[in-house]
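Before any comments, here is the structure.
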Amino acid sequence: MNKLLLLATLSTLSFSLSAREPEAGWKQLGTGTFCDDMISVISPDYLATWNVDIEESESQPGMYRLVNPFGNGNCPYFESAFNGGDLVIDATDPEHVWIPYQEMGFAAGSWGSVSISCMNGLMIYSGVFTLEDLIEFECLFGTLSDGKITFPFDDMYHLQVAFSNYLEGVPADGNTNGKFLVTLPSSASVDSPIVDSEAPVEYYNLQGMRVENPANGIYIRRQGSKATKVVL
């Protein structure tokens, strides 16, 4: 497999392969795996699975971020580790998982700097639609099930990867092999030995913020390891 070359203007400083220092508001879960199936738009050679450190938001359970997934030294597309961006995935509602639009902090050779989102994330970023709109329209979403995050393998829905020097930055379709996969560490699904039926009930809005007294809307009801969408 040929290696991608980083632009000289980007940082290529070494990156520690051990877990980074804890950051306020984020809980380190451990090591999971990642198959991106987005850089593969450059060439089918760029389709691999590698280990990544994964964190979860303490205030928004189900909001995950993959720590520097492309620059952590495990990604086979690059010769060495470097300081890149994290990849945030919103799985606060396991039935409506989406990837916000985000710049990844590195460039893929002459293709330019890389940005990633899902189709819904791109529409939300445009400001034309809200997450609630897309759920109401019954748009396709990713899912979180059995500790695995996947997205539809469907001609009507694609992950989106943009390169600043490709098609003037217009996103290209990703997940065209249907292999995008994030496998969470086992700690992500084993928060407590408490039986679900005995666990306290918590409610979150569709942005993942906890709501103390939910009323008149759509919420995520979480009890133990189970989360369901409810209308109140």
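What you are looking at is a predicted structure, and each value in this text was computed from that prediction instead of being measured. We number each residue from 1, following the sequence as shown.
In this structure the side chain of Gln160 never reaches within 4.5 angstrom of the side chain of Cys118, judged on heavy atoms. Considering only heavy atoms from C-beta on, Phe141 comes within 4.5 Å of Ile135 through its side chain. Under the 4.5 Å side-chain criterion, counting only non-hydrogen atoms from C-beta, Val161 is not in contact with Pro171. The shortest distance between side-chain heavy atoms of Thr183 and Phe34 does not fall below 4.5 Å. No side-chain heavy atom of Val97 sits under 4.5 Å from any side-chain heavy atom of Asp90. The shortest side-chain heavy-atom distance between Tyr125 and Asn120 does not fall under the 4.5 Å cut-off. Under the 4.5 Å side-chain criterion, counting only non-hydrogen atoms from C-beta, Met63 is not in contact with Glu55. In this structure, the side chains of Leu47 and Lys179 come closer than 4.5 Å at one or more pairs of heavy atoms.
If you take CG on Leu159 and CZ on Phe151, they are separated by 5.5 Å, rounding to the nearest 0.5 Å. For the atom pair Met119 CE and His158 NE2, the distance stands at 6.0 Å (nearest 0.5 Å). Distance check, rounded to the nearest 0.5 Å: CE of Met104 to CD1 of Ile116 gives 5.0 Å.
No side-chain donor from either of Asn74 and Asn51 sits under 3.5 Å from a side-chain acceptor of the other. Judged purely by distance below 3.5 Å, without hydrogens or angles, the side chains of Tyr77 and Asp36 pair a donor atom with an acceptor atom. For the 3.5 Å distance criterion, the side chains of Thr176 and Asp173 fail to qualify, holding no donor opposite an acceptor. Side chain to side chain, Ser113 and Ser164 meet the donor-acceptor criterion of an N or O pair below 3.5 Å.
Across all their heavy atoms, Thr92 and Pro94 have their closest contact at O-CD, 3.7 Å. Of all heavy-atom pairs between Ser40 and Asp37, the closest is OG-OD1, 2.9 Å. The two residues Gly85 and Pro69 come nearest to each other via the heavy atoms O-CD, 3.4 Å. Looking at every heavy atom in both residues, Asn175 comes nearest to Pro152 through ND2-O, 3.4 Å.
Residues Phe129 and Leu122 do not share a hydrophobic cluster, clusters being chains of Ile/Leu/Val/Met/Phe/Trp/Tyr side chains in contact below 4.5 Å.
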Give the C-alpha distance, both sets of side-chain angles, the deciding distance and a yes or no for side chain to side chain contact (heavy atoms under 4.5 Å, CB included) between Phe180 and Thr150. CA-CA 6 Å; Phe180 181 97; Thr150 58; 5.9 Å; no
Could you check Arg210 against Glu202 for salt bridge (Lys or Arg N to Asp or Glu O under 4.0 Å), going step by step and ending with a plain yes or no? CA-CA 7 Å; Arg210 186 170 178 175; Glu202 300 173 339; 3.4 Å; yes
Between Tyr219 and Tyr204, does the ring pair (Phe, Tyr, Trp, His ring centres under 6.0 Å) criterion hold? Intermediate values first, please. CA-CA 6 Å; Tyr219 298 90; Tyr204 297 84; over 10 Å; no
Begin with the C-alpha distance, continue with both residues' side-chain angles, and end with the deciding distance and a verdict on side chain to side chain contact (heavy atoms under 4.5 Å, CB included) for Asp86 and Asn68. CA-CA 4 Å; Asp86 300 336; Asn68 189 23; 4.3 Å; yes
Yes or no on side chain to side chain contact (heavy atoms under 4.5 Å, CB included) for Leu181 and Lys148, after CA distance, side-chain angles and deciding distance? CA-CA 7 Å; Leu181 174 65; Lys148 298 181 185 298; 3.8 Å; yes
Residue pair Asn177, Phe153: steps toward the side chain to side chain contact (heavy atoms under 4.5 Å, CB included) verdict: CA-CA 8 Å; Asn177 300 287; Phe153 183 39; 5.7 Å; no
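Not less than 6.0 angstrom separates the ring centroid of Phe78 from the ring centroid of Phe70. Ring pair Tyr64/Trp26: centre-to-centre distance not below 6.0 Å.
Evaluation of the ring-ring contact (aromatic ring centres under 6.0 Å, His included) rule for Phe163 yields Trp111 as partners, not counting sequence neighbours.
Applying the 6.0 Å contact sphere to CG of Asp155 captures no more than 12 heavy atoms from other residues, nucleotides or ligands. The number of heavy atoms from other shown groups lying within 6.0 Å of CD (Glu103) does not exceed 12.
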